Participant: 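What follows is a structure written as structure tokens; I'll ask about it next.
Throughout, a chain's letter reflects where its sequence line sits, starting with A, and its residues are numbered from 1. Small disclaimer: the values here were computed from a predicted structure and weren't measured.
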Amino acid sequence: MKNEITISELARLMGVSTHQIRYFEDKEVLLPAYTDTNQYRMYGLEQVYRLAQILLLRKLGLSVQTIKESIDGPSPEQMSQLLRASVDNLEAEIKRLDELRRLTVNILEEQREYAGPSPAYRIKQRKATELKCWFHTDARRGMDAMLLAKQSPPPDLFESDIYFVIEDNGKMAVCTESKTEGDLMLPESRCLCYPFLAEDEGEIELRIQHMLQYADSQSIALNGPAVLVEKSYLSLFSPNKLNYELMIEVQEKDEAAQNGEGV
DNA sequence: GTTCTTACA
DNA sequence: TGTAAGAA
């Protein structure tokens with residue numbers, strides 16, 4: 001009597017495709033019990049267990065090649081080592097996914113700032129930010145691909161926000177955020193902020209002027225360089241436009257009294 | 001109707 | 001990994 005089953009029955013039993021079972025055969029990790037006269041692969045209980053084992057090891061992240069090398073005589077030590085390595089891989093993957101989730105949530109949260117009815121000036125607490133300076137250029141000169149290409153070597157361009165720190169002398173430092181100590185540190189401080197969308201760079205100069213006028217009209221003393229942050233990811237939401245946030249540190253009143261001047 | 005092999009996206 | 005085609 002025949003206790004063996006066909007490939008499709010095995011596939012259905014184990015919840016995999018017949019293609020995958022043939023693939024395992026090709027890689028010599030799972031052979032049929034025998035081949036029938038009609039060339040059909042036939043599988044017995046032994047193969048069912050073996051397939052279950054292969055699938056478990058695959059699930060744990062082992063390659064088919066690794067399984068092939070270890071499935072026949074895996075010593076308990078080898079098996080523990082494989083499983084420990086698998087745990088390491090899984091933890092790395094969890095970390096990667098966790099960072100990806102955080103990034104996605106951040107993008108959504110930032111997007112909300114721009115999704116309001118109309119952009120507005122507001123005072124925000126800025127976290128201390130370490131910046132790594134990429135290059136300097138003239139603040140009046142626009143950015144273009146050539147300018148970028150001439151710089152070397154690009155940091156994680158467009159994977160993180162880009163900071164344009166506009167200095168008093170008309171120079172502009174183009175920076176990215178740095179996790180470690182950078183070249184330039186934006187201290188934690190209250191800032192006058194203005195998020196906006198821009199289609200061309202001519203707008204930016206205007207925005208800065210407007211912000212200075214606004215601060216003046218509200219008697220807000222500003223201090224330090226204008227910082228323009230290009231929100232790399234938010235262009236996902238607004239094709240052909242770039243999302244910027246302009247921020248200038250607010251000079252606190254007691255500070256102003258000490259310095260005896262505003263900006 | 002099912003499976004086989006082979007090729008291809 | 002899935003899908004397709006023609007043959008058995």
Participant: Just checking Ser17(A): base, sugar-phosphate only, or nothing, at a heavy-atom cut-off of under 4.0 Å?
Facilitator: sugar-phosphate

Participant: Mind running side chain to side chain donor-acceptor pair (under 3.5 Å) on Gln20(A) and Ser17(A) for me, showing each step along the way?
Facilitator: CA-CA 5 Å; Gln20(A) 192 175 16; Ser17(A) 64; 4.5 Å; no

Participant: Send over the distance from Ile7(A) CD1 to dG1(B) C1', rounded to a whole Å.
Facilitator: 16 Å

Participant: Find the distance Ile5(A):CD1 to dT2(B):C1' and express it as a whole number of Å.
Facilitator: 15 Å

Participant: Base, sugar-phosphate or nothing for Arg22(A)? Non-hydrogen atoms, less than 4.0 Å.
Facilitator: base

Participant: Taking the side chain from Tyr121(A) and the backbone from Leu192(A), do they hold a donor-acceptor pair closer than 3.5 Å?
Facilitator: no

Participant: Classify the side chain of Tyr23(A) versus the base of dT1(C) as yes if they form a donor-acceptor pair under 3.5 Å and no if they do not.
Facilitator: no

Participant: Can you find a side chain N or O atom of Ser8(A) that sits less than 4.0 Å from OP1 or OP2 on dT2(B)?
Facilitator: no

Participant: For atom NZ of Lys124(A), decide whether the heavy atoms of other residues, nucleotides or ligands shown that lie under 6.0 angstrom number more than 12.
Facilitator: yes

Participant: Report the distance from atom CD of Glu9(A) to atom P of dG1(B), rounded to the nearest whole Å.
Facilitator: 17 Å

Participant: Would you mind reading off the distance between Tyr40(A) atom OH and dA7(C) atom P, rounded to a whole angstrom?
Facilitator: 16 Å

Participant: Among Ile162(A), Asp161(A), Ile204(A), exactly one meets side-chain contact (heavy atoms from CB on, under 4.5 Å) together with Tyr244(A). Which residue is that?
Facilitator: Ile204(A)

Participant: Below the 4.0 Å mark, does dC4(B) have OP1 or OP2 next to a side-chain nitrogen or oxygen of Arg41(A)?
Facilitator: yes

Participant: Rounded to whole Å, how long is the line connecting atom CD1 of Ile21(A) with atom P of dC4(B)?
Facilitator: 10 Å

Participant: What is the distance, rounded to the nearest whole Å, between atom CG of Asn38(A) and atom P of dC4(B)?
Facilitator: 8 Å

Participant: Using whole Å, report how far CD of Gln20(A) lies from P of dG2(C).
Facilitator: 7 Å

Participant: Output the rounded distance in Å from CD (Gln39(A)) to P (dG1(B)).
Facilitator: 23 Å

